[in-house]
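See structure below.
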Amino acid sequence: MASEPETPLLRADVAVVGAGAAGIFAALVAAREGARVALVSRRPLDQSASYWAQGGIAAALAHDDSVAEHLADTMAAGRGLGRASAARVLCEESPERVRDLQRLGVRFDGDRRGGGLALGLEGGHSTRRVVHAGGSATGRRITRQLSALAATHERITVLEWTTAGAIWTSEGRCVGLRGDTRDGDSVLVLSRGTILATGGAAALWARTTNPRGAIGAGITLAHAAGAELADLEFQQFHPTALVHDGDRDGFLITEAIRGEGATLVNPAGERFVDELAPRDEVALAVQRESAAGPVHLDMREVDPGSFPNIAQALAEVGLDSRRELIPVAPAAHYTMGGIATDLEGRSSIPGLHAIGECACNGLHGANRLASNSLADCFVFGRRAALAAAAGPAPQPVVPEPPPPGPNPVPVPATREALWRHGGLERSPEGLVELAEDPFPLAALIARCALAREESRGAHRRTDHPTAQPQLAGAHSLVDAAGEHRFESWD
């Protein structure tokens with residue numbers, strides 16, 4: 001044991017890693033409860049992946065909607081793998097979290113006719129229940145407002161340009177983290193509870209809608225510390241990502257546009273899919289249709305003023321959605337798997353919590369329902385913040401600091417291998433090859449995909465084209481040694 005490490009030490013009740021929607025909201029909830037919070041962000045607060053989120057928040061707010069209907073849609077989209085208790089919590093608590101955000105100053109789009117909130121329709125939903133802020137600029141509006149509140153909160157210390165370099169454990173418990181700054185310095189954060197809100201891993205795939213930093217860094221660090229991971233084989237591919245020979249390739253075109261009437265057409269100009277079917281169906285249909293030539297999104301009947309950031313992005317590459325068809329193809333978008341947690345965000349390591357896209361509590365099952373992801377951030381972000389703040393105080397003697405953790409950044413060859421062998425359709429031969437990839441997280445994804453000998457939701461095996469009843473409700477678990485098992489939740 002060391003009395004005081006040479007590296008600067010920051011003491012907090014709650015340490016939050018990641019300044020996206022989930023992380024900032026969890027920090028604000030914990031601070032509201034009186035906790036001292038250290039918020040670690042590798043970039044300025046308003047530059048998280050959540051900033052670019054175009055989807056809204058799913059919540060049963062309409063007079064003709066109900067928690068039961070939202071729950072039914074969520075479970076149907078999960079393809080027999082959704083965890084009913086997690087889905088019930090989300091559907092019951094999401095309306096109040098929307099009201100929480102309103103109290104924090106977030107202004108959602110209003111319905112000019114009815115005077116309430118404007119509710120959008122997205123794939124897999126049986127009714128309009130998605131609230132937006134600024135149309136497709138929801139992530140920007142929410143993170144901008146929450147960032148301003150966190151930056152000025154007296155109980156929140158913000159560490160910008162700092163990454164989590166290692167999870168700090170002592171006697172089997174997480175006691176904080178090691179942070180590394182862009183200047184090469186380090187800082188230790190000692191806390192009652194540590195919350196990882198580091199986002200997903202979609203940028204591990206060569207074609208992605210996500211920022212390049214969405215490589216599952218928190219998942220990698222948590223697993224290196226001994227945390228169990230779950231459902232890594234389930235990576236959602238968004239069906240309408242822009243095809244462009246340039247930096248805008250993979251730009252997400254939200255399915256809210258399809259909810260307002262945009263259609264998908266094949267090279268012959270014919271519709272070939274129900275545009276508002278769950279994403280796994282639409283993405284697979286687009287990919288298969290693309291074998292005959294480019295697939296396009298016809299947005300000509302949709303008011304571009306309702307989706308200003310999309311109209312702007314298209315204009316930057318010389319496309320006018322009012323006059324032209326927009327070339328699209330699937331891209332890796334959302335990670336359903338991640339650090340295995342309970343409904344309070346607790347991982348298998350006491351004191352370590354995970355929320356948002358880096359976590360997996362079984363809510364999304366095999367195929368996330370559109371706009372349940374932001375609801376997930378706020379519902380389970382609040383729960384994890386309360387649980388982390390209630391953890392036992394750190395021991396008086398400062399434990400030995402952790403060494404640097406593993407490098408979470410893959411080489412380009414890994415990204416290409418994941419796209420080739422772990423994309424929308426997977427062969428056993430390709431997965432065996434991917435399981436030998438030197439990047440640990442890629443290899444774990446392949447092992448989970450090999451173990452699930454069926455096709456379910458976002459996981460499609462060419463040699464097992466149908467779902468197997470015995471694997472319904474069976475979640476993939478990977479322990480610290482990389483050993484795989486199936487486990488039923490609920």
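Counting from 1, the numbers follow the sequence of the chain as shown.
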Could you walk me through whether Cys360 and Leu229 satisfy the side-chain contact (heavy atoms from CB on, under 4.5 Å) test, starting with their C-alpha distance in whole Å, then the side-chain angles of each, then the deciding distance to 0.1 Å, before giving a yes or no? CA-CA 8 Å; Cys360 178; Leu229 308 181; over 6 Å; no
Test salt bridge (Lys or Arg N to Asp or Glu O under 4.0 Å) applied to Arg456 - qualifying residues, sequence neighbours left out: Glu454
Over all heavy atoms of both residues, which pair between Ala35 and Ala389 is shortest? Give the atoms and the distance, please. CB-CB, 4.2 Å
Give a yes or no on this: more than 12 heavy atoms of other residues, nucleotides or ligands lie within 6.0 Å of atom CZ of Arg103. yes
Hits for ring-ring contact (aromatic ring centres under 6.0 Å, His included) against Phe380, two or more places apart or cross-chain, chain-then-number order -> none
Measuring from Cys174:SG to Arg192:CZ, what's the distance to the nearest 0.5 Å? 14.0 Å
Decide side-chain contact (heavy atoms from CB on, under 4.5 Å) for Leu418 and Phe439; before the verdict, give the C-alpha distance in whole Å, the side-chain angles of both, and the deciding distance to 0.1 Å. CA-CA 11 Å; Leu418 268 165; Phe439 188 68; 6.0 Å; no
Taking side-chain contact (heavy atoms from CB on, under 4.5 Å) as the criterion, tell me which of Thr74, Asp65, Leu369, Leu119 meets it with His125. Leu369
Minimum-distance pair of heavy atoms, taken over all atoms of Gly218 and Leu196: O-CD1, 3.8 Å
Roughly how far, to the nearest 0.5 Å, is CG of Asp249 from OG1 of Thr208? 10.5 Å
Check whether any side-chain N or O of Asp437 sits under 3.5 Å from a backbone N or O of Ala442 as a donor-acceptor pair, and report yes or no. no
Between Glu357 and His364, is any pair of side-chain heavy atoms under 4.5 Å apart? no
Candidates Arg426, Glu233, Glu425, Arg79 - the one meeting side-chain hydrogen bond (donor to acceptor under 3.5 Å, both in side chains) with His459: Arg426
Side chain to side chain donor-acceptor pair (under 3.5 Å) evaluation trace for His484 with Ser476: CA-CA 7 Å; His484 177 276; Ser476 291; 3.2 Å; yes
What is the minimum heavy-atom distance between Thr335 and Ala202, and which atoms define it? OG1-N, 3.6 Å
Kindly say whether Ala133 contributes a backbone atom to a donor-acceptor pair with the side chain of Arg141 at under 3.5 angstrom? no
Any side-chain heavy-atom pair of Trp168 and Thr194 under 4.5 Å: no
What I'd like to find out is whether the side chain of Val131 reaches to under 4.5 Å of the side chain of Asp109, using heavy atoms alone. no
For residues 80-91, which side-chain donor-acceptor pairs fall under 3.5 Å, sequence neighbours excluded?
unit_1, atom_1, unit_2, atom_2, d
Arg83, NH1, Asn361, O, 3.1
Ser85, OG, Asp490, OD1, 2.8
Ser85, OG, Asp490, OD2, 3.0

As a quick check of understanding, evaluate salt bridge (Lys or Arg N to Asp or Glu O under 4.0 Å) for Glu260 and Arg128, giving each step before the final call. CA-CA 11 Å; Glu260 297 304 319; Arg128 289 182 173 269; 3.3 Å; yes
How long is the span from the CD1 atom in Ile253 to the NE2 atom in His238, to the nearest 0.5 Å? 9.0 Å
Hey, is the main chain of Ala262 close enough, under 3.5 Å, to the side chain of Glu275 for a donor-acceptor pair? no
When you measure from the side chain of Ser191 to the backbone of Gly193, do you find a donor-acceptor pair of N or O atoms at a distance under 3.5 Å? yes
Applying salt bridge (Lys or Arg N to Asp or Glu O under 4.0 Å) to Glu92 and not counting sequence neighbours gives none
Backbone N/O of Ala329 and side chain of Arg207: donor-acceptor pair under 3.5 Å: yes
Is any NZ, NE, NH1 or NH2 atom of the basic residue among Arg485 and Glu483 found under 4.0 Å from an Asp or Glu carboxylate oxygen of the other? no
Going by heavy atoms in the side chains, are Asp100 and Phe378 under 4.5 Å from each other? no
Applying side-chain contact (heavy atoms from CB on, under 4.5 Å) to Ile349 and Ile167, what does each step give before you reach the verdict? CA-CA 10 Å; Ile349 301 176; Ile167 304 301; 5.6 Å; no
Ile257 and Val302 have their tightest heavy-atom pair at O-CG2, 4.0 Å
When you measure from the side chain of Thr198 to the backbone N and O of Gly18, does any donor-acceptor pair fall under 3.5 Å? no
Taking the side chain as C-beta and beyond, is there a heavy-atom pair between Gln235 and Phe237 under 4.5 Å? yes
Does the Asn210 side chain pair with the main chain of His333, one donor and one acceptor, at a distance under 3.5 Å? yes
In terms of heavy-atom contacts, Ala285 and Val273 come closest through CB-CG2, 3.8 Å
Distance-only, no hydrogens or angles: does the Thr138 side chain make a donor-acceptor pair with backbone N or O of His132 under 3.5 Å? no
Leu441 and Thr414, any side-chain heavy atoms less than 4.5 Å apart: no
With sequence neighbours excluded, residues passing salt bridge (Lys or Arg N to Asp or Glu O under 4.0 Å) with Arg368: none
Would you check if His244 and Phe251 make a side-chain contact, meaning some heavy-atom pair closer than 4.5 Å? no
Once you round to the nearest 0.5 Å, how far does CZ of Arg258 lie from CG of Leu264? 6.0 Å
Crowding at CZ, Arg107 (>12 non-hydrogen neighbours, <6.0 Å): no
Working for side-chain contact (heavy atoms from CB on, under 4.5 Å), residues Ile339 and Leu352: CA-CA 10 Å; Ile339 303 161; Leu352 180 64; 5.5 Å; no
Run the salt-bridge test on Glu93 and Arg383 with the 4.0 Å N-O cut-off and return the result as yes or no. yes
Would you say that Asp280 contacts Arg460 through its side chain, given a criterion of any heavy-atom pair below 4.5 Å between the two side chains? yes
Indicate the atoms forming the closest heavy-atom contact of Val16 with Gly23, along with that distance. CG1-O, 3.5 Å
Output yes when a side-chain donor or acceptor of Arg452 lies under 3.5 Å from a complementary backbone atom of Ala474, and no otherwise. yes
For Gly56, does its backbone N or O pair with a side-chain atom of Ser371 as donor and acceptor, under 3.5 Å? yes
Sorted by chain and number, sequence neighbours left out, ring-ring contact (aromatic ring centres under 6.0 Å, His included) with His223 holds for none
What's the separation between atom OG1 in Thr240 and atom CG in Leu252, rounded to the nearest 0.5 Å? 6.0 Å
How long is the gap from CZ on Arg382 to CG on Leu386, to the nearest 0.5 Å? 5.0 Å
